[in-house]
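Notes to accompany the following structure.
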Amino acid sequence: MASASDESLRSRIIGLLTSGLATDVYPRADSHEQVQRLVCDLRLAGDDLEAKLKLAGFTSYPIEHAGITQLCETCMYYKVHQRFCELPELNVPVEPDWSCKLWRI
Amino acid sequence: MTNLLWLQGGACSGNTMSFLNAEEPSACDLVTDFGINVLWHPSLGLELGENLKKLLNALTSGQMPLDIFVFEGTVVNAPNGTGEWNRFAGRPMKDWVTDLAKVAGYTVAIGDCATYGGIPATAPNPSESQGLQFLKRQQGGYLGTSYRSKAGLPVINIPGCPAHPDWITQIVVAVATGRGAELSLDEFQRPKTFFTSFTQTGCTRNMHFAYKVSATEYGQRKGCLFYDLGCRGPMTHSPCNRILWNRQSSKTRAGMPCMGCTEPEFPFFELAPGTVFKTQTLMGVPKDLPSGVDKAGYVKLTAAAKAASPAWAEEDIFVV
């Protein structure tokens, strides 16, 4: 179950995304090397939430890429019952229909 | 009595360590219960210098029968095909391998180096290493495709880094007790009895594999290691989760990914930075999928399984 602090953080993220926070949605991190580079950048961003959302290309809507809809819901890092992304470098509450560049299945 | 000779080429002695830890049967059982006469072994042999040469010459000349020739490590050909970088008993080891393989009843390659070249044969392969009858997936190796031991079998490959102790002793016993002809080998000359199922077969994390719950750090008490941490269990042939290590556990049970060390390509991706213990993906989909699964099927299955996953799958279940 999601905790109160998760709900609070989720609300903050929704606020940022819907109020026009520009995130780096493209280019997608297609290759392993691109993913690794992005993960390194996320580590450097530390706890800076806005920087993490921007770097990871967060969107509050699904992104279709290469014929596959890249939803948090189907991502390997998504915890279904907690609605949470457990990629250590992100580690944030999310919604199932969101998307980011680190999606992997 | 069955005469067994064990030699080492380009090796770290890991398979010797493994062999000496065997339990079912143990190395001692081979001698006391199964009539195996260990003529010489790098860690057990008593003969040195001229005495060792005499023993080896007696074998190569046929004066003494060599029933089982066990080889650990690569055949080293450097420099320039001479094999001089790995001399043993007065001559290049590869020359001993040539002569001993000709007279051996059975030739058994132990460990990934002797079978397929392993780590020493990784590019740029400075030691010009080869496995006995393979170089990675390519058949041939040092002895050549057509090699057959006197019993009519190709090299029996028991891969692994190291090979499990009991795989070694059980195959040696099978050969020594006259059941060598019953051994059925796969395309990479591995005994099918050990190398038909997958490392994943019997893995305690199979529930997490089924529900697509990933482990994201080593040693986590939940999650499958395939999705993020580069585990090769679903596409590696070995009984590591059926015949447990130290009778206790396995890498995946302990939260460490399988590296696929019983497959000819090991070490995968030539050990390029970022490829070890990290699942390689292309557009978010693993490059290497579980054996027999195609990309479209994988995506569909994963999405459905993820949606169906129960809450407990997201929690630690291996509680101390």
Side-chain angles (χ1 to χ4, degrees), chain A residues 1-3 6 25-43 56-57 59 62-105, chain B residues 205 208-231 268-269 272-290 293-316:
Chain A
M1 292 297 288
S3 67
D6 283 353
V25 181
Y26 296 100
R28 307 301 279 181
D30 287 340
S31 71
H32 179 70
E33 292 71 24
Q34 288 170 315
V35 171
Q36 290 304 100
R37 219 171 298 134
L38 185 48
V39 166
C40 286
D41 290 344
L42 285 169
R43 283 184 192 137
T59 58
I63 294 289
E64 186 171 327
H65 180 61
I68 299 177
T69 306
Q70 299 184 337
L71 289 165
C72 284
E73 186 176 40
T74 55
C75 177
M76 207 44 67
Y77 299 120
Y78 180 64
K79 292 174 97 171
V80 177
H81 296 272
Q82 295 179 38
R83 288 183 295 140
F84 197 90
C85 172
E86 64 169 349
L87 174 67
E89 288 77 12
L90 284 174
N91 207 37
V92 288
V94 291
E95 291 288 358
D97 58 348
W98 291 3
S99 185
C100 96
K101 294 204 289 194
L102 286 158
W103 178 88
R104 69 193 297 156
I105 194 163
Chain B
R205 293 171 186 267
H208 295 105
F209 177 81
Y211 290 123
K212 313 303 170 194
V213 175
S214 178
T216 51
E217 291 172 344
Y218 306 130
Q220 270 183 340
R221 291 177 181 275
K222 62 120 184 122
C224 175
L225 300 147
F226 165 74
Y227 301 111
D228 195 36
L229 296 179
C231 182
F268 285 82
F269 307 109
T275 61
V276 180
F277 296 153
K278 194 69 193 169
T279 304
Q280 306 295 296
T281 56
L282 189 60
M283 295 183 182
V285 181
K287 282 183 186 170
D288 294 328
L289 293 170
V293 178
D294 65 21
K295 182 179 163 186
Y298 176 82
V299 170
K300 281 182 201 162
L301 173 70
T302 302
K306 191 96 189 163
S309 69
W312 58 257
E314 295 178 358
E315 306 296 334
D316 288 356

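Chain identifiers are assigned alphabetically (A, B, ...) following the order of the sequence lines, protein sequences preceding nucleic acid strands; residue numbering begins at 1 within each chain. Given the structure is predicted, the values throughout are model-derived calculations rather than measurements.
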request  = May I ask you to test the B:Glu315-A:Gln82 pair for a side-chain heavy-atom distance under 4.5 Å?
outcome  =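 B:Glu315 vs A:Gln82: side chains touch.
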
query = Any idea how B:Phe209 and B:Tyr227 line up, ring-wise: parallel (<30°), tilted (30 to 60°), or perpendicular (>60°)?
reply =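 Geometry flag for B:Tyr227 against B:Phe209: parallel rings.
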
key: Max heavy-atom pair count under 4.5 Å with chain A, selected residue of B:Gly284, B:Pro273, B:Gly274   =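 Counting heavy-atom pairs under 4.5 Å, the top option is B:Gly284.
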
Chain A contacts, top residue of B:Leu282, B:Asp228, B:Thr275 (heavy-atom pairs, under 4.5 Å) =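 Highest number of pairs under 4.5 Å: B:Asp228.
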
message = Give me the atom names and distance for the closest heavy-atom approach of B:Cys224 to B:His208.
response =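 Between these two residues, the closest heavy atoms are N-CB, 3.5 Å.
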
ask   = Of all heavy-atom pairs between A:His81 and B:Pro310, which one has the smallest distance, and what is that distance?
value =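 That would be NE2-C, 3.3 Å.
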
request  = Output the distance between atom SG (A:Cys100) and atom CG (A:Leu42), rounded to the nearest 0.5 Å.
outcome  =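 If I round to the nearest 0.5 Å, the distance is 8.5 Å.
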
query = Distance from B:Thr216 atom OG1 to A:Leu90 atom CG, nearest 0.5 Å?
reply =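 The CG atom of A:Leu90 is 11.5 Å from OG1 of B:Thr216, to the nearest 0.5 Å.
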
message = Tell me whether the count of non-hydrogen atoms from other residues, nucleotides or ligands lying under 6.0 Å of NZ in B:Lys300 goes above 12.
response =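 Incorrect, the count does not exceed 12.
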
query = Mind checking which of residues 66-80 of chain A sit less than 4.5 Å from chain B, heavy atom to heavy atom?
reply =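 Under the 4.5 Å heavy-atom cut-off, A:Ala66, A:Ile68, A:Gln70, A:Glu73, A:Thr74, A:Cys75, A:Met76, A:Tyr77, A:Tyr78, A:Lys79, A:Val80 qualify.
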
